[in-house]
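Everything below concerns the one structure shown next.
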Amino acid sequence: METVNVIQVNVDSSTNRWQFYKERIQKLLEKDDSILLIQDPPDKSDWDIPNYTYYSNEYTTIAVPKKWRKDVTLIKITNFYITGIKINRENFKMGFLSVYFEANDDKAECLKTLDCYRHCLENDKYDYLICGDFNARHYAFGETRMVTPWGRRISDYIISNGLYMLNNPKDGPTFDGPMGSSYIDLSLINRQNPHNFSWELSEKEEKKLWHKLVQIRIEIRTNRGVNVDDEDLKLEASIISQFDQIRANVIQLITRGVTQDFNNDQLLEQVFESILKKSQKSTTF
């Protein structure tokens, strides 16, 4: 099974810190070629990782191995805060978006532009991965102390657009710096994405890395020789719809402070298992 590796990180536009990040990234690249999704990058003159091609805006960058260049198309939508590419290889057709929502800028306008990128990919029938610093705080992302209005907006956006968050909050915060720790770096995929994903933080204990390196492994599923019954697809869609609605309701309760003393992840798992068991009484996958 083919595997595609992705590295996600915000380097806070610091040249000094970038050198430290670069050392860590190059060690990872010695093991596997990877797609780099970078936010708030340093000056372009400092991008000197060999054998990589860069696609950049002012606040975001995507880098891919040069040997993949013929398979890459840049999504030409003007925005300083989002860079998007499409990769079309044998058995693998997917879009990658690197996004950065600056803490004090017009994030709502940037969110509208993100929709333009998503619709572009969906119209061309591409699955996609969105990685970036959303500067959004919400219990659903792992926060335990505070929720911001922007955090609620992003949580609602994820639910209403059928996106799925790869982050594992139990792995720890994605940011740990002088201003405290948070879970503001998110990795999202479209719900219909057929591939298998794993997500983990690298160099978690390294204090010089304020934003932690995120490693994502994508196991490419070709689905060759698999026949899926239409009724199975309808059932799966029904289960996902019910689960998403319950998840949205639970998140709203948490946000309002109605619920405090229960394990949200455990509750959602129990709800999902209950729905699945009820559905399996009438249909077998």
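Computed from a predicted structure; not experimentally measured.
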- Output yes when K93 and D127 qualify as a salt bridge under the 4.0 Å nitrogen-oxygen rule, no when they do not. no
- Item | Steps toward side chain to side chain contact (heavy atoms under 4.5 Å, CB included) verdict (L97, I75) | CA-CA 9 Å; L97 302 179; I75 301 175; 4.2 Å; yes
- Message: Checking the side chain of E143 only, and the main-chain atoms of Y183 only, is there a donor and an acceptor separated by less than 3.5 Å?
- Response: yes
- Message: Tell me if a side-chain donor or acceptor on N88 pairs with a main-chain N or O of M94 at a distance below 3.5 Å.
- Response: no
- Identify the two heavy atoms, one from G132 and one from Q39, that lie closest to each other, and give their separation to 0.1 Å. CA-CD, 3.5 Å
- Item | NZ or CZ of R24 within 45° of F20 ring axis and under 6.0 Å | yes
- So do the side chains of T3 and I220 get within less than 4.5 Å of each other, counting heavy atoms only? no
- Message: Could you tell me if the side chain of L201 sits less than 4.5 Å from the side chain of L213, heavy atoms only?
- Response: no
- Message: Do S181 and F175 make a side-chain contact, defined as non-hydrogen atoms from C-beta onward lying under 4.5 Å apart?
- Response: no
- Verify the distance criterion only: is there a donor paired with an acceptor across the side chains of E122 and Y128 at less than 3.5 Å? yes
- Task: Report yes or no: do T60 and T83 form a side-chain donor-acceptor pair below 3.5 Å?
- Result: yes
- Scanning both residues in full, the closest heavy-atom pair of F96 with I35 reads CZ-CD1, 3.5 Å
- Between R118 and D115, is the closest basic N to carboxylate O distance under 4.0 Å? yes
- Message: Which heavy atom of H138 sits nearest to which heavy atom of G151, and what is that distance?
- Response: CD2-O, 3.6 Å
- Message: Looking at H195 and R221, would you say the former's side chain and the latter's main chain have a donor-acceptor pair under 3.5 Å?
- Response: yes
- Message: Are N10 and I38 packed together at the side-chain level, in the sense that at least one heavy-atom pair is separated by less than 4.5 angstrom?
- Response: no
- Message: Counting C-beta onward and ignoring hydrogens, is there a side-chain heavy-atom pair between W18 and I25 closer than 4.5 Å?
- Response: yes
- Message: Working note: K67 + D33, criterion salt bridge (Lys or Arg N to Asp or Glu O under 4.0 Å); need CA distance, chi angles, decisive distance, verdict.
- Response: CA-CA 10 Å; K67 60 186 178 183; D33 288 333; 2.7 Å; yes
- Query: Do T53 and V72 have side-chain heavy atoms sitting under 4.5 Å apart?
  - Reply: no
- Item | Donor-acceptor pair between Y81 and E102 side chains, under 3.5 angstrom | yes
- Query: N168 and D171: side-chain donor and acceptor closer than 3.5 Å?
  - Reply: no
- Counting distance only, does the side-chain N/O of T113 pair as donor-acceptor with the main-chain N or O of E109 below 3.5 Å? yes
- Give a yes or no on whether the backbone of D156 and the side-chain of S160 come within a donor-acceptor separation of less than 3.5 Å. yes
- Taking the six-membered ring where the residue is Trp, are the ring centres of W150 and F134 under 6.0 Å apart? no
- Nearest heavy-atom pair of S98 and L37: which atoms, and what distance? OG-C, 3.9 Å
- Query: Hey, does the side chain of R137 reach the backbone of M146 with a donor-acceptor pair shorter than 3.5 angstrom?
  - Reply: no
- Can any side-chain N or O of D176 pair as donor or acceptor with the backbone N or O of W210 at less than 3.5 Å? no
- Donor-acceptor contact below 3.5 Å, side chain N135 vs main chain I184: no
- Would you name the heavy atoms of Q26 and P50 that are closest together and state the gap between them? NE2-CD, 3.8 Å
- Short question: side chain of Y55, backbone of G84 - any donor-acceptor pair under 3.5 Å? no
- Task: Verify the distance criterion only: is there a donor paired with an acceptor across the side chains of N5 and S34 at less than 3.5 Å?
- Result: no
- Given side chains that start at C-beta, do those of I77 and I82 come closer than 4.5 Å, heavy atoms only? no
- Message: Run F101 and L111 through side chain to side chain contact (heavy atoms under 4.5 Å, CB included) and show every step you take.
- Response: CA-CA 8 Å; F101 291 91; L111 197 59; 3.9 Å; yes
- Closest approach of V214 to S187 (non-hydrogen atoms, all atoms of both residues): CG1-OG, 4.1 Å
- Query: Is there a side-chain contact between I87 and W68, using heavy atoms and a 4.5 Å cut-off?
  - Reply: yes
- Query: If you measure from the Lys or Arg side-chain nitrogens to the Asp or Glu carboxylate oxygens, is any gap between E200 and R217 under 4.0 Å?
  - Reply: no
- Item | Whether Y21 side chain and H211 backbone form a donor-acceptor pair below 3.5 Å | yes
